[in-house]
*Asks:* 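First the structure, which I've put down as structure tokens, then a few questions once you've had a look.
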Amino acid sequence: MKTQPDQYGHFGIFGGRYAAETLMPALIELEKAYRACQKDKTFQKEFEWYQREYSGRPTPLYYASRMSESLRGAKIYLKREDLNHTGSHKINNTLGQALLARRMGKKKFIAETGAGQHGVATATVAALFGMECKIFMGEEDIRRQAPNVFRMKILGAEVVLVKSGTATLKDAMNEAMRYWVSSVRDTFYIIGTTAGPHPYPQMVRNFQSVIGRETKKQIMKLEGRNPDVLIACVGGGSNAMGTFYTFRDEKNVAMYGVEAAGHGLHTPEHSASINGGKVGVLHGNKTYLLQDEHGQVRDAYSIAAGLDYPGVGPEHAYFHETKRVKYVTITDKEAVAAFSFLSLKEGIIPALESAHAIAYAMKMAPKMARNKIIVICLSGRGDKDAQTIIETNAL
Amino acid sequence: MKTQPDQYGHFGIFGGRYAAETLMPALIELEKAYRACQKDKTFQKEFEWYQREYSGRPTPLYYASRMSESLRGAKIYLKREDLNHTGSHKINNTLGQALLARRMGKKKFIAETGAGQHGVATATVAALFGMECKIFMGEEDIRRQAPNVFRMKILGAEVVLVKSGTATLKDAMNEAMRYWVSSVRDTFYIIGTTAGPHPYPQMVRNFQSVIGRETKKQIMKLEGRNPDVLIACVGGGSNAMGTFYTFRDEKNVAMYGVEAAGHGLHTPEHSASINGGKVGVLHGNKTYLLQDEHGQVRDAYSIAAGLDYPGVGPEHAYFHETKRVKYVTITDKEAVAAFSFLSLKEGIIPALESAHAIAYAMKMAPKMARNKIIVICLSGRGDKDAQTIIETNAL
Amino acid sequence: MGRIGDKFEALCGSKEKALIVYLTAGDPSLSVTKKLILGLEKAGVDILEIGVPFSDPTADGPLIQMASQRALKSGTTLEGVLDLVTEVRKVSEIPIVLFGYFNPIFAYGVKKFAHIARKAGVDGVLVVDLPYEEAKELRIYTDAVGIDFISLIAPTTGSERLTKIAADATGFLYYISITGITGTAAPKIDNIKTKVNKIRKITKLPVAVGFGISKPQQAREIARFADGVVIGSAVVRLIDENKNNRDLVKIISGYVSGIKKVLR
Amino acid sequence: MGRIGDKFEALCGSKEKALIVYLTAGDPSLSVTKKLILGLEKAGVDILEIGVPFSDPTADGPLIQMASQRALKSGTTLEGVLDLVTEVRKVSEIPIVLFGYFNPIFAYGVKKFAHIARKAGVDGVLVVDLPYEEAKELRIYTDAVGIDFISLIAPTTGSERLTKIAADATGFLYYISITGITGTAAPKIDNIKTKVNKIRKITKLPVAVGFGISKPQQAREIARFADGVVIGSAVVRLIDENKNNRDLVKIISGYVSGIKKVLR
Ligand SMILES: Cc1ncc(COP(=O)(O)O)c(C=O)c1O
Ligand SMILES: Cc1ncc(COP(=O)(O)O)c(C=O)c1O
């Protein structure tokens with residue numbers, strides 16, 4: 001496959017840098033700094049040190065025997081991103097960006113957050129490196145995700161309540177961008193997924209690609225071969241891209257990105273940008289978007305707050321278009337059943353986001369032969385969702 | 001030092017097997033089965049597999065540079081037990097006991113829990129091995145630790161509300177023992193700390209001793225020598241014993257067990273069994289106990305629910321008596337300050353239990369030379385405590 | 001031989017079986033306990049088990065747990081219980097076993113305990129959480145002064161262990177009729193019989209059966225093969241239900257003599 | 001040259017500076033917007049920026065954000081805005097720039113947009129999130145039909161980049177007077193002057209200054225060195241405050257002519 005993106009951040013027709021002029025110089029500066037770090041062995045060593053010593057990498061590739069046996073099909077491995085410090089893959093990226101920001105001499109971090117996982121991961125690295133930190137979060141999400149709000153505050157971050165628009169993740173990102181426009185000189189915007197203007201999608205993908213690199217090494221050691229299938233949930237797409245990227249040129253590895261179908265694709269309540277959206281431009285890049293016929297962006301919905309975003313990373317749009325990855329959907333109901341299934345079978349409570357990937361594996365595995373191998377990216381732990389599950393009486 | 005305990009489980013004058021006759025045969029059977037597993041390489045391999053692949057061991061020994069620098073003294077390393085699956089060291093022990101129970105053909109687990117960490121760790125291994133599971137928890141604790149109650153339920157465990165006595169950990173343990181007396185033939189009681197009748201204190205210590213073994217290996221690699229000081233919090237004493245045990249014969253390693261002083265040792269509201277209690281017999285062993293002059297056991301108190309126990313493991317009592325370990329105390333207030341300090345300096349939110357160890361290190365480190373080394377056992381993560389901290393407006 | 005041995009011998013002579021009754025000292029108060037003891041003796045009770053309340057009675061069911069809590073609330077201490085026995089001894093020769101957990105005794109001091117208990121007129125001790133392996137630290141003092149150490153045998157106790165326990169036992173052996181805590185399940189008579197017969201084969205000591213017995217019918221059946229029957233929770237419940245009744249002693253005595261009748 | 005170029009030439013001749021006014025189309029409704037446009041023209045406004053509302057206006061402050069939301073609620077679409085321009089063109093020759101974000105245009109179809117916008121009488125487009133690097137996909141169509149592509153210059157834009165942008169710009173250059181979003185901070189006149197003079201050195205195009213200007217005093221000072229001044233949020237606020245007032249058009253016109261006065 002051709003190296004993506006091009007120099008302006010385009011993955012095929014997707015991606016790019018659709019940003020306000022005020023931000024353009026900052027984005028270009030960021031890109032330059034990032035390129036320098038990519039080539040700098042010291043930076044890479046530093047990054048690896050923090051991943052290993054601070055976040056606890058490598059995360060295990062765990063053979064889920066009880067899950068596999070009860071589905072009577074493929075062997076299922078779980079890539080345990082839930083074991084990272086702060087409880088999800090998000091820290092892989094925030095560590096990378098924070099180290100980059102420190103190199104660039106920035107003293108302040110901002111970030112948007114929906115579920116609060118990225119907010120916590122950002123507040124965490126801000127504390128770790130002694131930076132000021134503001135986290136933008138929709139009023140509605142602040143209410144839904146109180147425990148993560150507490151965590152951010154304890155870590156010293158200011159949680160900025162966003163009331164504009166629909167007061168959820170999309171608006172938090174709008175507000176973060178507005179704030180960034182006003183503070184771009186000393187502030188580093190830590191975007192939480194493979195979205196945003198170039199170079200974010202590429203940079204986040206690269207920081208997250210440790211997931212796939214480790215997986216490859218681990219499965220080679222365990223099974224002596226590539227997995228047959230990779231499955232990951234897709235919100236903005238960072239855990240999925242981190243899982244897929246290493247395997248992109250391995251023709252024998254089928255990949256499935258799982259979007260949130262919420263109450264169903266036939267309803268307006270879902271977050272399936274690829275399966276239920278159209279190409280458009282938002283938050284600095286061109287990609288699939290949930291939008292009405294007039295190009296107004298629609299609210300996303302999913303029981304998993306971290307999937308509740310109306311766009312998707314541009315590289316995913318590209319992988320969809322080139323058919324490298326198959327994008328499928330899972331409803332709230334299926335995700336909740338998978339959440340419970342994994343908890344009961346393996347003693348691992350998955351994040352509701354990750355439960356979407358589990359749910360899809362539950363559909364696929366029984367149709368596959370026993371010698372086939374599925375790897376699921378278990379992007380995060382579900383402690384944060386216990387309340388939601390109990391409240392909705394979903395069990 | 002002489003090998004402890006003796007064949008009846010005595011550590012000096014402490015420990016033993018002060019249990020009802022109905023349980024004695026089960027305890028003897030357990031001991032036999034455990035001895036067989038200790039010698040069985042397959043068991044050890046299996047245990048190590050689960051620790052590595054499931055729980056994510058080894059946990060890092062993280063050099064906390066910002067903490068060290070801001071205290072201007074010894075180099076501080078954190079043994080990151082918070083990164084274990086389920087968020088604390090408790091899983092080290094429940095994995096070991098669960099594997100043992102499976103060997104013994106038991107189909108049902110019971111456990112007591114206070115903070116809910118051991119309850120979650122037990123419910124987790126019950127799910128992992130497909131066992132029935134009942135967790136005994138005081139009514140008061142169920143109220144205080146709702147998120148952990150949800151987690152246990154999601155994992156399929158039945159949470160048994162204990163109303164007797166003061167409805168906290170001590171009573172949960174009483175009730176678990178009562179239930180065990182009635183169900184001892186098919187039920188395995190997974191005790192959560194280095195307490196209970198022989199062989200529990202020794203067995204739990206051995207399962208937890210992976211903490212110290214890893215620490216030793218890691219510090220040797222990092223610094224080429226033993227640490228000067230080990231610090232760990234002491235509830236029942238399992239994380240502390242797990243940390244200390246490997247180093248017990250290394251004369252150059254000073255060890256500090258930190259008890260919870262709650263509102264102060266001069267008040268009745270603390271959990272400092274060694275510093276504020278007397279020798280007595282409870283829950284199957286002889287040890288230091290909080291009790292009145294008539295031998296009635298007193299309520300323990302600490303802001304850290306996991307330290308809120310009126311006894312302490314008998315081996316700690318022995319280490320106290322033989323002066324191998326120094327037992328010190330930290331108040332609620334100091335622990336909360338340390339909780340906040342570590343969160344802000346390192347982006348690591350410690351469990352309030354672990355914050356007691358952090359707090360003591362904060363007192364010691366500044367008085368030590370820069371080339372001295374402190375290792376703190378960071379026994380668990382503080383997500384569970386965020387609510388407490390915010391509610392008490394403690395920050 | 002002490003009062004316990006004498007009592008079993010006497011009963012044996014008259015082909016009676018022993019009625020052993022448990023009550024928690026200090027529930028509702030020590031003075032009421034004293035009245036109850038004297039009433040029980042008159043009603044035909046052969047041996048008394050006087051419960052020393054403990055904060056953490058891990059082998060007891062809800063009824064005795066609550067009785068212990070009430071007793072502690074009313075200020076009952078081991079010292080108070082020993083005083084009570086002293087008082088009782090002024091007017092009664094009924095055999096008395098102190099029943100409880102080790103910590104209050106340990107806190108009081110084991111040596112002092114043996115000395116004072118003997119002086120007060122205590123005949124035996126039954127310490128739930130002091131099994132065979134740990135008993136020595138108390139028995140070196142109680143054996144010395146001739147206080148019987150009543151040993152428990154559980155349904156789970158195997159033959160080898162049983163033999164060891166029986167070999168060291170004094171007074172009588174107490175067979176726990178259920179795998180469980182006090183007063184919770186109804187015992188299965190056939191199982192008890194099998195086990196009691198097994199115990200008989202290896203010891204000459206009397207064997208009493210307790211835990212979960214409340215009805216004359218059960219008592220009668222058990223008395224066919226055992227030397228005594230222990231009634232505990234049932235009495236404790238009756239005391240609690242009638243503690244404000246002027247006829248408390250009468251009610252308890254009535255119940256108890258109903259049981260004793262079937263043991264004659 | 002189109003209406004925009006003509007207008008600046010004419011103003012230059014009369015030594016006037018251009019007053020450019022922004023208002024969000026459809027706030028409170030398209031029919032009111034039409035009345036406002038005609039009123040503004042009469043009040044002396046030289047160029048109109050008609051905001052096409054978007055759900056996610058990331059470069060706008062609260063006032064224009066809320067105006068966009070109101071406009072969307074009232075059913076405003078890009079199609080409706082183009083119809084509005086067609087209507088206005090029947091009676092007015094005031095230069096009109098459509099101001100907005102790319103997605104509504106992209107959803108409408110860029111080629112179709114250029115075609116219809118030209119037919120409707122649109123003179124320029126200013127797309128906030130279509131910087132130099134991404135502009136081509138729209139400009140291949142708008143340039144072809146002679147619609148000016150108004151480029152933004154920010155305080156953060158460096159010299160090299162400025163040169164590239166200016167080289168490709170048409171209509172006029174829009175200098176953003178603050179590092180921030182619309183209508184939030186008061187601009188620092190000295191800084192603006194330095195930058196505008198820099199821009200002048202590399203382009204012959206007129207330079208207008210906007211973002212955060214609301215007072216005649218600010219407008220006057222900026223007009224000393226710039227070719228035009230953009231008033232946005234201030235007008236949007238006034239419209240919202242008086243939307244139920246029969247004299248809405250009069251009030252807005254009054255405010256605007258007060259500003260225009262200082263630019264003559
Ligand atoms: C655990 C977890 N998984 C997945 C996601 C979705 O993000 P992404 O698609 O970028 O991996 C989130 C976002 O918060 C998350 O918390
Ligand atoms: C995180 C943590 N640390 C420490 C403790 C105290 O237990 P122990 O003294 O057995 O390590 C607990 C108990 O729940 C705990 O959860």
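A note on names: the letters A, B, ... follow the listed sequences, proteins ahead of strands, and every chain is numbered from 1. Basis for what follows: all heavy atoms, side chains included, without hydrogens, waters or symmetry-related copies.
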*Asks:* Hey, which of Ala154(C), Pro131(C), Gly61(C) has the most heavy atom pairs under 4.5 Å with chain B?
*Replies:* Pro131(C)

*Asks:* Do Ile47(C) and Phe8(C) have side chains that approach each other closer than 4.5 Å (heavy atoms only, starting at C-beta)?
*Replies:* yes

*Asks:* Quick one, Thr58(C) and His283(B) - any side-chain contact, counting heavy atoms below 4.5 Å?
*Replies:* yes

*Asks:* Side chains of Glu140(B) and Thr166(B) only: does a donor on one sit below 3.5 Å from an acceptor on the other?
*Replies:* no

*Asks:* At a heavy-atom distance under 4.5 Å, which candidate from Ile178(C), Ile176(C), Asp56(C) has the highest pair count against chain B?
*Replies:* Asp56(C)

*Asks:* Can you see whether Phe109(B) has Lys106(B) sitting over its ring - NZ or CZ less than 6.0 Å from the centre and within 45° of the normal?
*Replies:* no

*Asks:* What option among Glu134(C), Glu137(C), Gln69(C), Arg161(C) has the most heavy-atom pairs under 4.5 Å with chain B?
*Replies:* Glu134(C)

*Asks:* Less than 4.5 Å to any heavy atom of chain C: does that hold for the side chain of Ala20(B), its backbone, both, or neither?
*Replies:* both

*Asks:* Flag the one option from Leu282(B), Asp292(B), Asp171(B) with the top tally of heavy-atom pairs under 4.5 Å to chain C.
*Replies:* Leu282(B)

*Asks:* Please determine, among Arg178(B), Lys170(B), Met173(B), His10(B), the option with the most heavy-atom pairs under 4.5 Å with chain C.
*Replies:* Arg178(B)

*Asks:* If you tally heavy-atom pairs under 4.5 Å against chain B, which of Asp60(C), Ile153(C), Thr184(C), Leu78(C) wins?
*Replies:* Asp60(C)

*Asks:* Look up atom CG in Leu307(B) and atom OG in Ser271(B), then write down how far apart they are to the nearest 0.5 Å.
*Replies:* 6.5 Å

*Asks:* Only pairs of heavy atoms separated by less than 4.5 Å count here; which of Ser68(C), Gly180(C), Ala107(C) has the most with chain B?
*Replies:* Gly180(C)

*Asks:* For Tyr189(B) and Gln97(B), which I'm curious about, is there any donor-acceptor pair between the side chains at under 3.5 Å?
*Replies:* no

*Asks:* Name the region of Phe106(C), side chain, backbone, both or neither, that has any atom closer than 4.5 Å to a heavy atom of chain B.
*Replies:* side chain

*Asks:* Name the member of Pro155(C), Pro62(C), Pro104(C), Ala185(C) that forms the most heavy-atom pairs with chain B at distances under 4.5 Å.
*Replies:* Pro104(C)

*Asks:* Could you please spell out the steps behind the ring-ring contact (aromatic ring centres under 6.0 Å, His included) verdict for Tyr288(B) and Phe14(B)?
*Replies:* CA-CA 9 Å; Tyr288(B) 285 93; Phe14(B) 304 103; 5.6 Å; yes

*Asks:* Is Arg185(B) in contact with chain C via its backbone, its side chain, both, or neither, using a 4.5 Å heavy-atom distance?
*Replies:* side chain

*Asks:* What part of Glu175(B) gets closer than 4.5 Å to chain C, counting heavy atoms only: side chain, backbone, both or neither?
*Replies:* side chain

*Asks:* Tell me, side chain or backbone of Lys286(B) under 4.5 Å from chain C's heavy atoms, or both, or neither?
*Replies:* side chain

